[in-house]
Structures are given as C-alpha cells and as structure tokens.
Amino acid sequence: MDADYLAAMALPDLGSLGARPFWFGGVEFRLAPLGGLRSGALVVVKPLEEVERYQELLERFDAPRIVEMGIAYGGSVALFSLMAQPERLVAIELNAEREPVLDEFIAEHRLGDRVHLHYGTDQADTVRLAAIVDAEFDGAPLDLVIDDASHLYDETLASFEALFPRLRPGGEYVIEDWSCDHGIRALLAAGLADPDHPTHAWAAATLAGEGRSRHAGQTAQTEIAAATLGGPTTSRRPLTRLALQLVLASAEPDSGVAHVETGPYWTKVTRDQAPLAAGTWRLADTAPDHFGQLA
Ligand SMILES: C[S@@+](CC[C@H](N)C(=O)[O-])C[C@H]1O[C@@H](n2cnc3c(N)ncnc32)[C@H](O)[C@@H]1O
C-alpha cells in the first residue's frame, strides 16, 4: 500500500500504527506494515513475521541475482541487500521520485555496484522491464523475483509473464499481498456497516468515488465498496485470480510452474526445467482452464 492510499484511509496516526524498530547487520530499520509517511528512517512495509520469512528464504541463496518491484520508502531494498548479499539486486518503482534515505544507505554500504534502482518504471511496461533486466544481468538467469508493487491483477500478470521465463530452474517468484483485494473488501464492508468504525470515513469516500488517494486501484475499490452493499460485482479481476491460475499451471506437466505455495504474506512460485520463450510466454496458454473454474 502506498502512503497516499493509506492517508486516504484517514486513520489516525497511521505513520506509527503497528510500526516497530528492527535491527539487522547493525542497521536500524522501521517495520511499518501499514506503511508510514517518510520519516528519514529505512521504512519496510512489512510485519516482523514476514521479514523473518524473507530472512529464511534469502538465506537459501548464494549471492543471488534478484529483481524486486516496489521500492516505496526503500527499506526492503536495503534490508534484502544485507540479508541476501546479492550478486546484484535490481529494483524498480513506478514513482519517479528517488528515496534519499535509500541512496544514502547504498552509498554508506558501498553497494552502488550491486544494487541498482530504476525509478519511474511501471511493472506493466514489459518491454522496458525486459530491457532493464537483460541489460542488468547480461542475459544470466534470475534466482529470485519479489513483486511487492501494484498488487493489481493485470500489472502483476504482465511482469510475471515477462520475468518468470527469465528465472533459472529452481528459481523462485514471490507475489506479495496476493489476497489484498479480500482484505480491502473486508475493511470497506466493516467501514460501511458501522459509522463508528475507524475505516468509515475512508469507506464512505471510496464508495462515493472521492478521497485523496491516487492509488491505481481506486476505481476498483469504489466498485468493491458498491459490491459490499449488494451492487454489481467489481469488473476488475482480483489478484487472487493469478494465484488460482498458478495452481492450475502447477497441475500441467512441463508448464514452467513446478510448485506454488500460497499463504500469509505471499504466493511463491518455483520454476521448473521447461524452457519458456521470454517475451511470448503466456500463463493462460500454460494453464488452460479446462473446467471453467476461473470464469
Ligand atoms: C507496498 S509498496 C512496496 C513496499 C516495499 N517493498 C517494502 O516492503 O518496504 C508498493 C510500491 O509499489 C509501487 N507501485 C505501484 N504500482 C506500481 C507499478 N505499476 N509498477 C511499479 N511500482 C508500482 C508504489 O509506488 C509503492 O511504492
């Protein structure tokens, strides 16, 4: 979630809600699972339990080649660069504005040759994404992709189809917050049902199509709000659909998808040995919906 989106929720003291300090490698981070306004700290938009799961995941790789999508306040890029000791970590972010605290961290830790940032880059711009990755890694396969960017179905699918073929066999692709649409729906329903609920103002503004948010999913959230009141179901496909497609793909031999793990925090996909044509590979071709379960 981005700061504008969270600010639009109009909850009090959002910047510190659930936030806590966290030290790793002698560096202080601030874990703020609900986001938080810029504070001069290395803010990681994750709870402690998720950070611990990332530590377990990253320890399994030896000098990995990593792509991370969604820089936000810069904390996760900094933390992962310490935890993973990557050969290279390339991060992209839609916002064009640099995050000074991350630039300072990279300079202080002399990581400039290994951690490269690409601001103003849309994860759905697959031509640009592929060009960045191919140039940065000189055609070498990726070990790990972490998508913590838009959390929107079309954008997430676009970058998945661009980058999953570029993973090595056994490489892993993490899609964070894969169930966020369901969480948003629950918050909206709670806020609309109870005028005293802390999310009421945000929910009412969202239903009315108002609010200060520039969040890309704002229109869809208005539709979700209407749906909680019995209106038509939102026309936007929720991100959970992608997890369902990936499970279907794992049922097909040689689909590229060896294994799918869904649960709290993320859906994680492990790449199999099947050669996939970067640029033209499409998940829907790999995972035919034989029984119309995704209709
Ligand atoms: C949840 S935050 C990332 C949090 C960060 N990874 C962390 O753990 O601290 C999501 C970020 O993705 C960015 N974003 C949203 N849509 C995007 C898109 N289409 N392409 C790239 N980045 C996007 C937002 O601007 C925001 O900074």
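In each ligand, atom 1 is the first atom listed, and ligand 1 is the first ligand listed. Side chains are part of it too, since the values below use all heavy atoms of this structure and drop only hydrogens, waters and symmetry mates.
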Does any N or O atom in H151 lie less than 3.5 angstrom from one in ligand 1, N or O only? no

Output the list of atoms in ligand 1 that are nearer than 4.0 Å to some heavy atom of N95, sorted by atom number. 25 (O)

Other residues, nucleotides and ligands only: do more than 12 of their heavy atoms fall within 6.0 Å of CG on D285? yes

So which bit of T121 gets within less than 4.0 Å of ligand 1, heavy atoms only: side chain, backbone, both or neither? backbone

Check R168 with D143, please: is the shortest side-chain N to carboxylate O separation under 4.0 Å? yes

Testing the 3.5 Å rule here: is there a donor-acceptor pair between the side chains of Y54 and E176? yes

Which of the numbered atoms in ligand 1 are under 4.0 angstrom from any heavy atom belonging to Q123? 18 (C), 19 (N), 20 (N), 21 (C)

Contact (N/O only, under 3.5 Å) between V45 and ligand 1: yes

Can you figure out which of E93, E97, E176 has its heavy atom closest to atom 13 (C) of ligand 1? E93

Atoms in ligand 1 flagged as close to D122, the criterion being non-hydrogen separation under 4.0 Å: 18 (C), 19 (N), 20 (N)

Say whether S150 and E155, considering side chains only, have a donor N or O and an acceptor N or O under 3.5 Å apart. no

For ligand 1, is any non-hydrogen atom under 4.0 Å from K46's backbone (N, CA, C, O), its side chain (CB onward), both, or neither? side chain

Interfacing atoms of ligand 1 (cut-off 4.0 Å, heavy-atom, S150): 15 (C), 16 (N), 17 (C), 19 (N)

Indicate yes or no: does E136 engage R88 in a salt bridge with an N to O separation below 4.0 Å. yes

Identify, by atom number and element, the atoms of ligand 1 in contact range of V44, meaning under 4.0 Å from any of its heavy atoms. 9 (O)

So if I apply the side chain to side chain contact (heavy atoms under 4.5 Å, CB included) rule between M69 and each of I175, D148, V145, which one comes out positive? V145

Min N/O separation E155 to ligand 1 under 3.5 Å: no

Do T156 and H151 have a side chain donor and acceptor closer than 3.5 Å? no

Residue-ligand contact D177/ligand 1, heavy atom below 4.0 Å: no

Is there a polar contact, in the sense of an N or O pair closer than 3.5 Å, between A72 and ligand 1? yes

With a cut-off of 4.0 Å, which atoms of ligand 1 are near a heavy atom of E68? 6 (N)

Does either side chain, that of D113 or that of H116, offer a donor lying less than 3.5 Å from an acceptor on the other one? no

Side chain to side chain contact (heavy atoms under 4.5 Å, CB included) between T286 and W281: does it pass, once the steps are laid out? CA-CA 8 Å; T286 295; W281 179 75; 2.8 Å; yes

Decide if the gap between the ring center of W23 and the ring center of F29 is smaller than 6.0 angstrom. no

Taking atom types as modelled and ignoring hydrogens, do the side chains of E68 and S76 form a donor-acceptor contact shorter than 3.5 angstrom? yes

Taking both backbone and side-chain atoms of I71, is any N or O found less than 3.5 Å from an N or O belonging to ligand 1? no

Do A124 and ligand 1 have an N or O pair less than 3.5 Å apart? no

Can you sort out which atoms of ligand 1 are near S76, meaning under 4.0 Å from one of its heavy atoms? 5 (C), 6 (N), 7 (C), 8 (O), 9 (O)

